[in-house]
Amino acid sequence: MSTLDEETGGTPTGLAAQLARLRPSALRAMFMERAVLRSLITNASWLVADRVVRLGVGLFINIWIARYLGPTKFGLFNYAQAIATMFSFASTLGLPEILMRDLVGWPDRKRLILASAFILRVGGAVIVLILSMVFIVGTRPTEPSTWLIMAFLASAQIAQAMDVVDSEYQSAGKVSRIVLLRNLNFLFFSVVKVVAILMGAGVITFALLYSLELFIVALLMYIVAIHDGYGFSISDAKTEEMRRLFREVAPQILRLAIIGVYMRADQLLIGQFLGDTEVGIYTAATRLIEAWYLVITAVMLAATPRLAHTFHFNRERYDAALTLVVRVLVWGSVAVALVVTAVAPTAVRILYGNAFVAAGPVLMVHAWATVFSSLGQAVSGALVNRRLLHIGVYQALVGAAVNVGACLVLIPLLGVIGAALAAVMTQVATGLLLNACFRETRPILRVQLRAIFFR
């Protein structure tokens, strides 16, 4: 052993460490790491840019539509949308994160995976449409116009099956074309919605435009994917692969079904207890704070492929990377919540008008739910990577119990403020506290605590 090694107990430090970094293998690893980092930053930049466009233009259009329709019609539209979202577990099937993991791990099987996933999602979307129509007809049997709104909104789930292509672009780190395509389509339909407002269109027209926008972008995505070599055909699907995917997502389906109930239970129970007008007021507030959720989603979409890759090859580096992601999202959410708390009443009055003034306090409370929601979203991929989706089912069950129970108690007592408080309680329970209850998720809890307390 060299003198240098004797002095350091055999650990290469100082000059030895510097020389070790100059070995060809170390240099290759360093350059590859930097190339991956550049790819991740580029990917994240495009996804964040996508959200910025939707934050700016989308929020403006949604506010204009809300002011135009008024609380009651706007509430009716969102009540129907909440029903479709509640059943969307049957369409998404929890596939996006699993697809990105499999496409990264098995690039030679991408056509088989994409085609099989697409068929599963289309079949699930048809189930969403059926369940949504049964629910709306059963709860509002004398409102055929509401049935039509429901049909348009729920059928859009079929178009969203083409999002499997989006997963392929994300796994390859080449999201720019899809982002551009989505945003051009989004901007075009934003103009169409403005024209609809100016022409005095009714709420059914806006439901139709919502569905049409998603069908058009699905068609465009498929055309671009074929051009770029990322396309697939139905004949590429195999029953065996569909069975494999279905077995993989089975726990996730149950989890998403429960989440679908408790994530929209507030709007549905407000509609049942208080009426469509209060749904409109509550949704006006949540639409504003959902702007920040879009940013959180963009960060996680960009980070997920890289985190999945790191998990397979370097667990210590994975924990460090995940800690950084959680820290950025949580403290970013705290900053947003503080700003929203300060400006919410004034912002609501300026943006929506006096008809929606009751949405201000709801927005203030809901802003703090994002802090704990970001904790949960930031580590959701860890459940996939660690193959702990069965624990996600228990998390969803607790979330459903907390949210529905709190809504049943607080909405009659406090109105829409009660629903907002229930949302905060639910995110605290599912995003943080429940990770302490399972041995398998305690490493995830430690990551969260290190991120929060800068340790």
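All values below come from the heavy atoms of this structure, side chains included, with hydrogens, waters and symmetry mates left out.
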Roughly how far, to the nearest 0.5 Å, is [atom2] of [Y] from [atom1] of [X]?
| X | Y | atom1 | atom2 | answer |
| --- | --- | --- | --- | --- |
| Ile113 | Ile98 | CD1 | CD1 | 11.5 Å |
| Leu153 | Phe206 | CG | CZ | 12.5 Å |
| Ile417 | Leu413 | CD1 | CG | 13.0 Å |
| Arg264 | Asn403 | CZ | CG | 11.0 Å |
| Leu375 | Ile444 | CG | CD1 | 12.0 Å |
| Thr85 | Leu268 | OG1 | CG | 9.5 Å |

Closest non-hydrogen atom pair, [X] against [Y]:
| X | Y | value |
| --- | --- | --- |
| Thr426 | Gly399 | CG2-O, 3.6 Å |
| Ala284 | Phe356 | CB-CD2, 3.6 Å |
| Val128 | Ala84 | CG1-O, 3.9 Å |
| Ala159 | Ala218 | O-CB, 3.4 Å |
| Ala237 | Ile119 | CB-CD1, 3.4 Å |
| Gly431 | Gln448 | O-NE2, 2.8 Å |

Distance flag, aromatic centroids of Phe118 and Phe232, threshold under 6.0 Å: yes
Atom CZ of Phe246 with >12 non-hydrogen neighbours under 6.0 angstrom:
no
Report task. Assess whether atom CE of Met425 is packed by more than 12 heavy atoms of other residues, nucleotides or ligands within 6.0 Å. Result -> no
Requested in this report: Would you sort out whether Trp368 and Thr341 count as a side chain to side chain donor-acceptor pair (under 3.5 Å), showing the intermediate values?
Outcome: CA-CA 9 Å; Trp368 291 98; Thr341 301; 3.0 Å; yes
Please check if the side chain of [X] supplies one atom and the backbone of [Y] the other of a donor-acceptor pair under 3.5 Å.
| X | Y | value |
| --- | --- | --- |
| Arg121 | Gln160 | yes |
| Arg287 | Leu59 | no |
| Ser333 | Val371 | no |
| Arg67 | Leu351 | yes |
| Tyr79 | Gly271 | no |
| Asn78 | Gly280 | no |
| Ser373 | Thr370 | no |
| Asn183 | Val179 | yes |
| Arg327 | Arg450 | yes |

Residues at least two apart in sequence or cross-chain that pass side-chain hydrogen bond (donor to acceptor under 3.5 Å, both in side chains) with Lys110, listed by chain then number, are none
Exercise for review: Look at Glu240 together with Arg243 and state whether they make a salt bridge at an N to O cut-off of under 4.0 Å.
Suggested key: no
With a 4.5 Å heavy-atom cut-off, do [X] and [Y] have their side chains touching?
| X | Y | result |
| --- | --- | --- |
| Arg182 | Asp166 | yes |
| Val224 | Val165 | no |
| Ile83 | Phe87 | yes |
| Met86 | Ser132 | no |
| Asp102 | Arg244 | yes |
| Glu278 | Phe273 | no |

Would Asp236 and Leu114 count as a side chain to side chain contact (heavy atoms under 4.5 Å, CB included) here? Give the steps. CA-CA 8 Å; Asp236 293 320; Leu114 290 173; over 6 Å; no
Take Glu248 and Leu95, measure what side chain to side chain contact (heavy atoms under 4.5 Å, CB included) needs, and give me the verdict at the end. CA-CA 9 Å; Glu248 184 86 13; Leu95 279 170; over 6 Å; no
Ring pair (Phe, Tyr, Trp, His ring centres under 6.0 Å) filter on Phe438, not counting sequence neighbours, yields Tyr394
Contacts of Trp64 meeting ring pair (Phe, Tyr, Trp, His ring centres under 6.0 Å) (sequence neighbours excluded), chain-then-number -> Phe60
For this session: May I have the step-by-step check of side chain to side chain contact (heavy atoms under 4.5 Å, CB included) for Ile216 and Phe189, ending in yes or no?
Result: CA-CA 10 Å; Ile216 294 296; Phe189 273 92; 4.0 Å; yes
Q.
The test is side chain to side chain contact (heavy atoms under 4.5 Å, CB included); show your working for Glu241 and Leu245 and say whether it passes.
A. CA-CA 6 Å; Glu241 179 65 11; Leu245 285 171; 3.9 Å; yes
